[in-house]
K.L.:
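One structure follows; several queries about it will come next.
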Amino acid sequence: MDTWPLEAGLLNSGPVMHNFFPDSAERNTQVENYDVPKKDIVFEQRKEIALSSVRKRQSRRKEQKLMQREIARNVAPRFAHLGPQEQMKQHKEKKVKLREVDLEMELDLDDSQSPFSLALEAIKMRQTVRKGSLTGFSESLFKWVPAKAKDCDALKRDVPTLLDLSLNVLAKNADAIVSLEHVPDKLRHRLSQLVSDCGVVDAHFVGLLARGSPTEIRLRNISRLTEDEFSKIFSVCDTKDLTVLQLDLCGRCMPDYILNGTLARSSHRLPSLATISLKGAHRLSDIGLTQLAVSAPALQSINLSQCSLLTSQGISDFVSCFESTLRELYIDDCQNIDATIILPALKKLKCLEVLSVAGIETVCDNFVIGLVKAHGINMKELGFANCVQLTDISLRIVGKNCPNLCALDLSYLHNLTDSALKHLANGCQSIRRLKLHRNDFSDEAIAAFLEVSGQSLDALSVNNIHRVAHNTALSIAKCSRNLVSLDLSWCRRLTDEALGMIVDSCLSLKLLKLFGCTQITEAFLNGHSNPMVRIIGCKTGPVLEHLDALEPQENPLRYSPLTSFY
């Protein structure tokens with residue numbers, strides 16, 4: 001209170017006020033115009049000065065804390081070994097002093113000490129050292145020499161087995177097959193794949209698979225079947241033992257009324273059915289889906305991808321019928337489905353392990369947060385390809401809550417940054433299959449991820465990630481030697497030496513895709529020493545026969561054994 005006389009004196013003294021405020025004349029004019037007390041102006045100005053001083057002090061404190069943390073990181077190795085009691089006491093005191101810094105900057109501190117961050121720092125340091133050397137960076141990084149004696153290895157490549165030759169002949173002459181009775185399901189599945197690739201799946205072949213009392217019918221393309229042919233085959237099919245039914249691209253032959261008159265014509269018509277795939281059933285509506293739920297009470301996995309007539313309400317009602325049994329749900333490219341509307345129904349599922357919502361535009365961070373918080377510990381596979389709204393926030397939640405995740409598809413997600421890979425590497429270290437098509441990840445970030453989690457991978461795709469280069473190649477060769485399938489298509493920064501080192505180091509590799517890699521020469525194609533790998537995409541030739549060569553003979557469920565609920 002005793003400061004007011006001084007302020008009053010300042011206000012009454014023109015020259016002094018002019019020194020204190022350079023624009024005092026303008027301020028006096030404003031004060032007169034708006035009739036604001038002069039002492040309030042001075043108070044506001046003093047308040048601004050005080051706040052500015054506080055901000056400066058806070059900035060200096062923050063800089064000091066960062067410096068303290070850097071010092072602590074450099075000094076920490078000295079206390080890595082057991083020592084005298086005084087040394088241990090001093091170490092504890094330092095940890096207590098740094099606790100306040102840790103609380104304020106917890107995320108940054110955790111990240112700086114995480115496996116991913118340490119690997120990324122090492123990669124950048126290695127890159128700096130290599131670039132600073134006298135020799136070329138790529139030359140000093142890779143020491144791969146093409147093998148000279150290739151005659152013996154060349155004879156071993158692409159030699160089909162007698163079984164493969166026999167199945168190929170049968171597939172090309174499927175119309176002459178009389179019966180598939182007593183043929184094991186695995187061979188039926190392989191034959192069906194080959195026939196589908198040849199484009200000769202007709203009513204005759206479908207009838208062979210449906211004859212008798214089948215346990216599995218797997219058909220990836222029945223687009224040639226008519227409604228009458230479908231009705232004739234499946235109206236008389238004995239379905240009591242059927243556990244797996246795959247009728248993909250059945251839109252032409254299976255509208256609701258055909259489904260209701262054949263496979264779903266009565267309650268419990270499919271009592272043992274655990275897995276069904278109706279991908280591309282573009283004439284299937286909510287009504288047919290409801291009837292299917294009544295006919296197949298034991299369903300544990302369903303693929304409804306590209307079923308364009310299905311709505312959010314239909315999916316919610318269907319899922320509600322299998323709250324205790326459904327483990328796998330695929331609804332890719334179902335554009336009439338709103339992810340936020342079906343989320344409450346998905347949360348009620350008790351054993352959900354696989355969810356693929358690729359191409360559904362309404363999938364957002366909030367959807368992923370709600371889903372993962374409900375099922376994170378059980379999730380084995382997530383498909384988010386083309387869910388363009390997703391950001392690093394979703395991957396942070398996945399990394400923290402899905403420790404058992406085995407497969408993840410992040411294709412075409414342009415909002416993701418390198419932080420997404422950091423969250424995955426730090427939290428999901430059991431991933432076996434990872435797809436990163438057309439993302440904007442850096443070469444260093446992908447390499448750091450592989451340094452941390454690459455050992456568990458058996459399938460990796462970095463298709464069309466333009467920044468993939470030597471760091472990624474080196475990490476694959478060093479840390480991902482269990483890879484069976486690798487897609488490096490359109491990664492044009494990779495040299496013959498980089499690819500040669502990958503193929504010769506990853507001895508388990510069986511399939512390498514190099515579409516669009518026009519920089520690759522015969523030096524690599526004829527110079528690598530891995531006789532087991534199939535390289536496709538570099539030369540024109542038969543491609544379809546290789547694309548699914550590595551797909552495992554799938555069980556009814558991807559990750560869990562069948563459970564009997566009835």
K.L.:
Counting only heavy atoms from other residues, nucleotides and ligands, does the tally under 6.0 Å from NZ of K279 exceed 12?
P.N.:
no
K.L.:
Salt bridge check, R224 against E229: does any charged N sit closer than 4.0 Å to a carboxylate O?
P.N.:
no
K.L.:
Thinking salt bridges, do D164 and R190 make one under a 4.0 Å N-O criterion?
P.N.:
yes
K.L.:
Is there a donor-acceptor pair closer than 3.5 Å between any side-chain N or O of S277 and the backbone N or O of Q246?
P.N.:
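No.
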K.L.:
First locate atom OG of S285, then atom OH of Y257, and finally report the distance between them rounded to the nearest 0.5 Å.
P.N.:
12.0 Å
K.L.:
When you check the gap from the basic side-chain N to the acidic O, do R188 and E216 get nearer than 4.0 Å?
P.N.:
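No, R188 and E216 are not salt-bridged.
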K.L.:
Does the side chain of N530 pick up a donor-acceptor pair with the side chain of D504 at under 3.5 Å?
P.N.:
no
K.L.:
Within a 6.0 Å radius of atom CZ on R438, are there more than 12 heavy atoms belonging to other residues, nucleotides or ligands?
P.N.:
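It does not: R438 CZ has 12 such atoms or fewer within range.
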K.L.:
Among pairs that include at least one residue of residues 216-235, which meet ring pair (Phe, Tyr, Trp, His ring centres under 6.0 Å), considering only residues two or more places apart or in two chains?
P.N.:
F230-F234
K.L.:
Check side-chain contact (heavy atoms from CB on, under 4.5 Å) between S196 and all other residues, then give those that pass, not counting sequence neighbours.
P.N.:
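S192, V201, R220.
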K.L.:
So how far is it from I465 CD1 to D443 CG, rounded to the nearest 0.5 Å?
P.N.:
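Rounded to the nearest 0.5 Å, the CD1-CG separation comes out at 10.0 Å.
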K.L.:
Return yes if some donor-acceptor pair links the side-chain N/O of N336 with the main-chain N/O of S308 below 3.5 Å, else return no.
P.N.:
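Yes, the answer is positive, given that a donor and an acceptor are paired below the 3.5 Å cut-off.
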K.L.:
Pairing donors with acceptors under 3.5 angstrom, does anything connect the side chains of E451 and S475?
P.N.:
yes
K.L.:
Mark yes or no for whether D333, through its side chain, and I360, through its backbone, hold a donor-acceptor pair below 3.5 Å.
P.N.:
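No.
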K.L.:
Is there a donor-acceptor pair under 3.5 Å between the side chain of N378 and the backbone N or O of E353?
P.N.:
no
K.L.:
Would D228 and T226 count as having a side-chain donor-acceptor pair, cut-off 3.5 Å?
P.N.:
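Their side chains do not contain a donor-acceptor pair, so the 3.5 Å distance test is not met.
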K.L.:
Backbone N or O of I177 within a donor-acceptor pair of the H204 side chain at under 3.5 Å?
P.N.:
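Confirmed, H204 side chain pairs with I177 backbone.
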K.L.:
If we ignore hydrogens and angles and just use 3.5 Å, is the side chain of E323 paired with the main-chain N or O of V319 as donor and acceptor?
P.N.:
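Checked: no pair found.
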K.L.:
Going by atom types only, do D418 and S442 share a side-chain donor-acceptor pair under 3.5 Å?
P.N.:
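A pair is found: one side chain offers a donor N or O, the other an acceptor, under 3.5 Å apart.
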K.L.:
Less than 4.0 Å between a side-chain N and a carboxylate O, is that true for R252 and E227?
P.N.:
no
K.L.:
Using the six-membered ring wherever Trp is involved, compare the ring planes of Y412 and H437 and label them parallel, tilted or perpendicular (cut-offs 30° and 60°).
P.N.:
perpendicular
K.L.:
Under the 3.5 angstrom rule, does the side chain of T243 hit a backbone N or O of T215 as a donor-acceptor pair?
P.N.:
yes
K.L.:
I'd like to know if the side chain of D458 and the backbone of V484 have a donor-acceptor N/O pair within less than 3.5 Å.
P.N.:
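Flag not set: sc D458 to bb V484 has no pair under 3.5 Å.
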K.L.:
Examine the side chains of S461 and N463 and answer whether a donor and an acceptor come within less than 3.5 Å of each other.
P.N.:
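No.
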K.L.:
Roughly how far apart are S266 OG and Q291 CD, rounded to 0.5 Å?
P.N.:
8.5 Å
K.L.:
Just by distance, do the side chain of R269 and the backbone of L292 share a donor-acceptor pair under 3.5 Å?
P.N.:
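The answer is no, because no donor-acceptor pair under 3.5 Å joins these two groups.
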K.L.:
Just so I know, are the side chains of F205 and L191 near enough to count as touching, which here means a heavy-atom distance under 4.5 Å?
P.N.:
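In short, these two side chains touch, coming nearer than 4.5 Å.
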K.L.:
Side chain of R492, backbone of G516: donor and acceptor closer than 3.5 Å?
P.N.:
yes
